[in-house]
Number of protein chains: 2
Amino acid sequence: MAPKLDKHDHVLLAAIQENARVAQSELGERANLSTAAVNRRLRLLADAGVIEKYTARLNPKALGYGLTIIVEVKVESERADLLQEMQRGFTACPEIQQCYYVAGECDFVLIFLVRDMEQYVSLTRRLFHENGNVKAFKTLVAMDRVKTGMDVPITGSESG
Amino acid sequence: MAPKLDKHDHVLLAAIQENARVAQSELGERANLSTAAVNRRLRLLADAGVIEKYTARLNPKALGYGLTIIVEVKVESERADLLQEMQRGFTACPEIQQCYYVAGECDFVLIFLVRDMEQYVSLTRRLFHENGNVKAFKTLVAMDRVKTGMDVPITGSESG
DNA sequence: CCTGAAATATCTAAAAG
DNA sequence: CTTTTAGATATTTCAGG
């Protein structure tokens with residue numbers, strides 16, 4: 001899946017992760033490449049799945065989603081089909097930003113983005129209380145989103 | 001901070017959140033706006049901070065970061081200056097993708113993206129063991145990143 | 001794999017309704 | 001808000017090393 005990234009790729013990836021709108025001409029200056037080479041590399045990186053998508057990060061508060069809640073879910077049974085059905089339900093819920101299947105005390109960690117507590121309570125009914133496979137869940141209310149994002153660390157060099 | 005978003009804005013925001021590279025001409029078709037109106041709205045939304053940034057989402061595994069770990073941190077003292085110093089340390093660490101300050105049993109929830117367990121252990125030394133204000137921390141290893149992203153739900157309409 | 005230049009496409013701003 | 005125009009930027013492709 002990762003076809004040998006060299007240091008030029010690292011420069012490009014770090015740059016577009018920070019700001020996807022920088023012109024390929026400027027990327028070329030930073031990476032010491034022509035715009036044509038930049039264009040080709042970006043295409044290959046996207047085709048290879050290294051670049052998953054170009055996206056705009058929106059301000060949740062500006063859209064009325066002022067409440068972040070982290071939830072730990074414990075399940076009754078770890079039967080594969082039941083887990084998969086739960087994962088589908090979580091994934092389909094737009095208010096669940098992130099879902100991790102974890103090893104340890106609990107089984108899932110979810111990150112909710114909701115308008116208010118009322119909406120969260122309503123979602124817990126549907127997703128947890130009405131789901132026979134949810135044994136327990138623990139709610140952690142975020143007072144501050146200290147650091148957010150899906151940024152991947154990009155070291156100076158590694159494989160090149 | 002949120003200067004009345006109408007349904008046109010919602011269409012635009014949902015579209016560029018899903019794919020930031022769609023042409024403004026196509027955005028215009030989807031939102032029933034001229035490209036000039038789309039351009040103006042996108043500029044205003046960015047200036048107002050509704051659009052925080054344009055970014056490329058990268059595949060962590062492709063960059064060698066195959067291990068996601070969620071950590072709950074409990075502090076000794078909640079003194080404001082100590083908390084702030086911890087937050088600065090977490091924020092400055094590239095391997096910490098996300099940091100939430102939460103109410104409840106623990107005080108911080110962190111999401112790490114690391115190359116391997118060795119790197120994680122090394123980071124815990126520096127960030128937790130060598131920090132006098134960390135009372136305890138609990139490590140949850142992610143077996144699967146079921147759903148990721150920072151997407152904000154965009155309802156059909158609300159304030160318009 | 002690269003560069004440089006040409007051909008497309010896109011964005012931005014202005015003018016007028 | 002709209003449409004149209006025009007010029008500046010950005011992108012993609014192509015020829016050739």
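The chains referred to below are lettered A, B, ... by the order of the sequence lines, with proteins before strands, and numbering in each begins at 1.
A salt bridge links K138(B) to E105(A): at least one charged side-chain nitrogen sits closer than 4.0 Å to a carboxylate oxygen.
Atom CG in D9(A) sits about 14 Å away from atom C1' in dC2(C), given to the nearest Å. We find that CD of E29(A) is positioned 15 Å from C1' of dG4(C), with the value rounded to whole Å. With rounding to whole Å, L44(A) atom CG is found 7 Å from dC1(C) atom P. When the P atom of dC1(C) is taken as reference, atom NZ of K7(A) falls 15 Å away, rounded to whole Å. Rounded to an integer number of Å, the gap from CG of L12(B) to P of dC11(C) is 12 Å. Atom pair R41(A):CZ and dC1(C):C1' shows a separation of 8 Å (rounding to whole Å applied).
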What string of B, S and - do you get for nucleotides 9-17 of chain D, 5' to 3', when a contact is any protein heavy atom under 4.0 Å? -SSBB----

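Here S34(A) does not reach the OP1 or OP2 of dG4(C): none of its side-chain N or O atoms lies under 4.0 Å away.
Side-chain contact, N39(B) with Q24(B): a donor N or O sits under 3.5 Å from an acceptor N or O. Looking at R145(A) and T68(A), their side chains do bring a donor and an acceptor atom within 3.5 Å of each other. Y120(A) and E118(A) are not linked by any side-chain donor-acceptor pair at a separation below 3.5 angstrom, with hydrogens and angles left out of the test.
A donor-acceptor pair under 3.5 Å is absent between the side-chain atoms of E85(B) and the main chain of D81(B), judged by distance alone. Distance alone, capped at 3.5 Å, is enough to place a donor-acceptor pair between the K147(A) side chain and the T91(B) backbone.
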